[in-house]
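Single-structure report; data block below.
Note that the numbering runs from 1 along the sequence shown for the chain. Any value given below was found using the heavy atoms of this structure, including those in side chains, with hydrogens, waters and symmetry copies removed.
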Amino acid sequence: MTFKPHGKHLIGGEWIGTDISFSSTPVSGEPIEYCEANDDLIDQAVKSAEAAFWTYGYATRRDRAGFLNKIADEIEKRGSDITAIASAETGLPEARLEGERGRTTGQLRLFARHILDGDYLDRRHDAANPDATPPSPDLKMVQRPIGPVAVFGASNFPLAFSTAGGDTASALAAGCPVVVKGHPAHPGTGEIIAEAIAAAAEKCGIHPGVFSLLQGASHEAGSALVTHQLIKAVGFTGSLAGGKALFDLCARRDEPIPFFGELGSVNPNFLMPDALANRGEDIARGWAGSLSMGVGQFCTNPGIVITLAGPESDRFADAAAKALGDVGPSPMLTEGIAEAFRRGRGNVAGTDGVKTLVKAASEGREGAPALFTVSGKDFLDHPGLSHEVFGPLGIVVMAANAQEMRAIAERLEGQLTCTLHLDDDDIEFAQSLVPLLERKAGRLLANGFATGVAVADAMVHGGPYPASTNFGATSVGSLAIRRFLRPVCYQSMPSALLPEDLRHIG
């Protein structure tokens with residue numbers, strides 16, 4: 001690896017250090033000291049973003065698209081170094097990180113194409129009608145960028161949901177400068193990606209305040225960022241506790257701002273009777289693979305299966321246990337995440353009515369699969385079983401009948417995804433569940449697993465609380481840009497005063 005982290009913050013195109021620091025804890029290699037952001041540097045970064053907005057927010061769509069594509073180019077140029085440092089910091093395998101890097105550059109290029117197309121502007125025009133009663137004026141409407149956006153890096157996706165991830169890509173596409181609070185689990189990865197963005201800004205002639213990276217392990221830095229009066233929205237992917245705290249801060253500001261938090265989910269799978277009878281063991285093996293992928297550290301990890309009790313569901317659970325039993329312990333993203341996983345696993349195992357099928361030993365930073373079964377009644381009686389345990393933990397819920405399965409669906413909190421496994425003869429049963437599930441989740445799947453999130457125009461990665469803090473938004477796909485735009489109507493406005501994208505309408 002040729003990249004050597006220096007541990008500083010990127011603010012307005014300059015790398016700036018501080019006296020106070022925190023130590024990274026990589027899976028491999030020696031710890032590195034990184035500077036901790038303070039109030040002065042946060043203020044400097046946000047004010048630099050505000051200064052950049054007065055040019056970047058009014059740049060042409062072609063210029064912004066060129067900038068996004070150039071960021072993708074600069075990330076690709078640093079590909080091997082990015083993989084090396086991200087693997088050292090997170091323990092994620094190289095193949096996973098290379099795929100995630102491709103997703104990161106792909107969504108930057110997706111947003112570049114999306115804004116060039118122009119449909120996201122939702123331009124509308126009502127021509128003046130002086131003969132109407134009452135007379136109606138000329139009205140033109142377009143979506144406009146809201147201003148500087150704060151973005152928080154995610155622990156489990158050091159590339160696709162962090163420094164240049166979906167929140168940053170969609171905000172920059174909208175015309176909003178971004179201040180990123182890097183995740184302390186992978187500060188070196190954040191630093192090299194920030195270098196790529198800064199290089200792209202310089203080559204495209206973009207104001208350097210368009211992007212800043214602030215490092216830090218303290219909660220105070222995040223609080224100071226979201227409460228800065230010039231920040232107009234926040235994008236966050238992380239824990240329910242952390243996201244709820246930041247959400248409350250945004251709501252209590254003198255000027256409340258939107259907080260777009262993606263906070264996690266158990267992503268329940270409903271296994272219909274005929275699918276269970278016809279191919280239950282195959283589904284079990286597929287579920288086990290999805291559940292243990294990436295040591296279960298995906299926000300779409302399918303943590304719960306709900307099916308009908310009986311011999312087929314017993315065979316399903318046994319097949320899943322056999323598949324998970326073949327999966328050994330692996331490093332998790334941080335020691336804190338591994339400790340939280342073991343606490344959550346212990347809480348599930350100690351709940352009345354829960355039977356343990358798999359509970360492999362793990363220690364330190366490692367996590368290993370765990371599998372439990374419980375009756376539908378006991379699941380309903382213990383709401384804690386429906387809460388996310390971040391890691392490779394699965395629960396098979398065996399409902400007594402179809403009515404109890406529907407009761408479980410009704411009791412669910414908001415989810416990112418819900419999945420139906422069904423065959424043709426299950427359609428009628430599934431039809432009774434879909435109206436319930438579509439009120440619970442942002443994405444419904446049939447005969448698949450939610451751990452693959454396609455970056456596409458129709459994708460929704462969000463859902464009712466606590467899956468996310470804004471059920472009308474998505475953090476993946478081209479619709480994500482709408483989070484950082486607001487409609488503005490221009491009444492009887494001379495063409496020369498209109499935004500360029502409205503001047504030739506009507």
Mind running side chain to side chain contact (heavy atoms under 4.5 Å, CB included) on R62 and L116 for me, showing each step along the way?
CA-CA 6 Å; R62 184 170 297 279; L116 285 175; 4.3 Å; yes
Would you say [X] has more than 12 foreign heavy atoms packed within less than 6.0 Å of its [atom1]?
X	atom1	answer
H6	NE2	yes
F22	CZ	yes
E202	CD	no

Backbone of [Y] reached by a side-chain donor or acceptor of [X] within 3.5 Å:
X	Y	answer
Y56	L172	yes
R482	G472	no
S87	A84	no
S290	G286	no
R342	A361	no
E36	A217	yes
S21	C35	no
R285	A323	no
Q215	P187	yes
Q107	A169	no

Heavy-atom distance under 4.5 Å between the side chains of [X] and [Y], does that happen here?
X	Y	answer
I231	P148	yes
F341	Q297	no
F67	I197	yes
V455	R103	yes
S475	R483	yes
W287	T419	no
Y120	S478	no
F298	N267	no

[X] and [Y]: which non-hydrogen atoms are nearest, and at how many Å?
X	Y	result
L291	G303	CD1-CA, 3.9 Å
A49	P177	O-CG, 3.3 Å
P369	V358	O-CG1, 3.5 Å
L97	P158	CD2-CG, 3.9 Å
A284	A320	CB-N, 3.7 Å
A164	I75	CB-CD1, 4.0 Å

Determine the interplanar angle of the [X] and [Y] rings, folded into 0 to 90°, and report it as parallel if under 30°, tilted if 30 to 60°, perpendicular if over 60°.
X	Y	answer
H461	F161	tilted
F259	F247	perpendicular
H114	F111	perpendicular

Pairwise distance [atom1]([X]) to [atom2]([Y]) - rounded to 0.5 angstrom:
X	Y	atom1	atom2	answer
N156	C299	CG	SG	6.0 Å
E191	L213	CD	CG	7.5 Å
L159	T189	CG	OG1	6.5 Å
E195	L10	CD	CG	8.5 Å
L485	C176	CG	SG	6.5 Å
F3	I82	CZ	CD1	9.0 Å

Of all residues at least two apart in sequence or in a different chain, which pass the side-chain hydrogen bond (donor to acceptor under 3.5 Å, both in side chains) check with N301?
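With sequence neighbours excluded, N301 shows a side-chain hydrogen bond (donor to acceptor under 3.5 Å, both in side chains) to no residue whatsoever.
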Salt bridge (Lys or Arg N to Asp or Glu O under 4.0 Å), that's the test. Do D73 and R109 meet it? Break it down for me.
CA-CA 10 Å; D73 292 342; R109 298 192 193 282; 2.8 Å; yes
Among T168, L110, T105, I115, the one residue meeting side chain to side chain contact (heavy atoms under 4.5 Å, CB included) with L68
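Only one of T168, L110, T105, I115 forms a side chain to side chain contact (heavy atoms under 4.5 Å, CB included) with L68, namely I115.
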Qualifying residue for side chain to side chain contact (heavy atoms under 4.5 Å, CB included) with E262, from T474, V476, L416, D167
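Single pass found, and it is L416.
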Taking NZ, NE, NH1 and NH2 as the nitrogens, is one of them in K8 or E14 under 4.0 Å from a carboxylate oxygen of the other?
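No, no charged N to carboxylate O under 4.0 Å.
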Check against side chain to side chain contact (heavy atoms under 4.5 Å, CB included), E255 and K232:
CA-CA 9 Å; E255 178 200 356; K232 299 303 180 185; 3.1 Å; yes
Side chain to side chain donor-acceptor pair (under 3.5 Å) partner of T83, the single match among R78, R101, E94
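Testing T83 for a side chain to side chain donor-acceptor pair (under 3.5 Å) against R78, R101, E94 leaves exactly one candidate, R101.
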Candidate pair C204 and D63, rule side chain to side chain contact (heavy atoms under 4.5 Å, CB included), full reasoning
CA-CA 8 Å; C204 292; D63 285 347; over 6 Å; no
Under the side chain to side chain contact (heavy atoms under 4.5 Å, CB included) rule, what do F53 and H207 come out as? Steps first, then yes or no, please.
CA-CA 9 Å; F53 180 72; H207 190 295; over 6 Å; no
Please step through salt bridge (Lys or Arg N to Asp or Glu O under 4.0 Å) for the pair R113 and D117, ending with a clear verdict.
CA-CA 6 Å; R113 294 191 298 272; D117 181 65; over 6 Å; no
How about H183 and F157: are their ring centroids closer than 6.0 Å?
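Distance test on ring centres: not under 6.0 Å, no.
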Side chains of T300 and T417: donor-acceptor distance under 3.5 Å anywhere?
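The criterion, which ignores hydrogens and geometry beyond distance, is not satisfied for T417 and T300.
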Could you pull out every donor-acceptor pair under 3.5 Å between side chains of residues 325-338 and any protein atom, sequence neighbours left out?
| from | atom 1 | to | atom 2 | distance (Å) |
| --- | --- | --- | --- | --- |
| T334 | OG1 | G336 | N | 3.4 |
| T334 | OG1 | I337 | N | 3.0 |

I would like to know whether K77 and E74 meet salt bridge (Lys or Arg N to Asp or Glu O under 4.0 Å); could you show each step before the answer?
CA-CA 5 Å; K77 284 169 55 176; E74 293 293 329; 3.5 Å; yes
